[in-house]
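Notes follow once the structure below has been shown.
Note: hydrogens, waters and symmetry copies are ignored here, and every other heavy atom, side chains too, is used.
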Amino acid sequence: GYILRFEYTVRTGFHVHCYFLFNGDKNLEDITLAQGIGKLWNKVTQGQGTSYICNMKKDSYRHCAIGMVHYADTENWGICIKPLITFAKPHSCLILPI
């Protein structure tokens, strides 16, 4: 699955924040997946887009919500939910039908 939030700031212009969710039984290399998504984004934007891969800096987060989370690991699921609450605040997101 995925969650996208489109934003505009004077400093960065238009940009997208993304969360991607993968089945851990089939996808084990989160950084490799993120790099592939970044390359695809660069292609879609015809070289005008950039990407920042949070997965490459997991150690810098006090409460890391990145990487594999086992379905029974309730502590880490709680950590994963916190950024999503901020991510989905109504005043800061645009919900587009798919």
Side-chain angles (χ1 to χ4, degrees):
Y2 59 90
I3 302 169
L4 306 173
R5 183 175 81 187
F6 296 85
E7 285 186 347
Y8 175 81
T9 65
V10 174
R11 187 175 65 102
T12 60
F14 287 103
H15 59 279
V16 182
H17 293 265
C18 308
Y19 279 85
F20 292 96
L21 306 155
F22 295 95
N23 181 338
D25 286 338
K26 298 178 181 172
N27 302 283
L28 297 175
E29 298 181 17
D30 58 325
I31 291 174
T32 304
L33 286 167
Q35 288 171 326
I37 292 167
K39 285 179 184 177
L40 179 59
W41 179 247
N42 195 9
K43 182 178 179 181
V44 166
T45 62
Q46 299 177 347
Q48 306 248 337
T50 61
S51 58
Y52 176 81
I53 302 173
C54 298
N55 302 54
M56 298 177 89
K57 301 199 182 258
K58 290 178 195 173
D59 295 338
S60 68
Y61 295 95
R62 192 172 90 192
H63 299 290
C64 183
I66 301 169
M68 179 78 73
V69 178
H70 190 272
Y71 72 92
D73 187 349
T74 56
E75 181 180 340
N76 274 331
W77 274 114
I79 291 170
C80 290
I81 295 299
K82 286 180 184 179
L84 293 176
I85 291 169
T86 302
F87 193 78
K89 285 186 178 180
H91 70 276
S92 66
C93 67
L94 170 64
I95 300 172
L96 300 173
I98 297 177

(message) Between Q35 and I53, does the side-chain contact (heavy atoms from CB on, under 4.5 Å) criterion hold? Intermediate values first, please.
(response) CA-CA 7 Å; Q35 288 171 326; I53 302 173; 3.7 Å; yes
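- Distance check, rounded to the nearest 0.5 Å: CD1 of I3 to NE2 of H17 gives 13.5 Å.
- Partners of L40 according to the side chain to side chain contact (heavy atoms under 4.5 Å, CB included) rule, which considers only residues two or more places apart in sequence or in another chain, are V44.
- Residue pairs meeting the salt bridge (charged side-chain N to carboxylate O under 4.0 Å, His left out) criterion with at least one partner in residues 33-51, sequence neighbours excluded, do not occur; the list is empty.
- In the hydrophobic clustering (ILVMFWY side chains linked at under 4.5 Å, chained through shared members), F14 is joined by Y8.
- Proximity of F6 to L4: side-chain heavy atoms (C-beta onward) are separated by under 4.5 Å at one or more points.
- Looking at heavy atoms from C-beta onward, H15 lies in side-chain contact with T9 at the 4.5 angstrom threshold.
- For N23, the side chain to side chain contact (heavy atoms under 4.5 Å, CB included) criterion is met by D25, K26, not counting sequence neighbours.
- E29 is linked by a side chain to side chain donor-acceptor pair (under 3.5 Å) to T32, counting only residues two or more places apart in sequence or in another chain.
- Evaluation of the side chain to side chain contact (heavy atoms under 4.5 Å, CB included) rule for I37 yields F20, F22 as partners, not counting sequence neighbours.
- Counting all heavy atoms, side chain and backbone alike, S51 lies closest to G38 at OG-CA, 3.6 Å.
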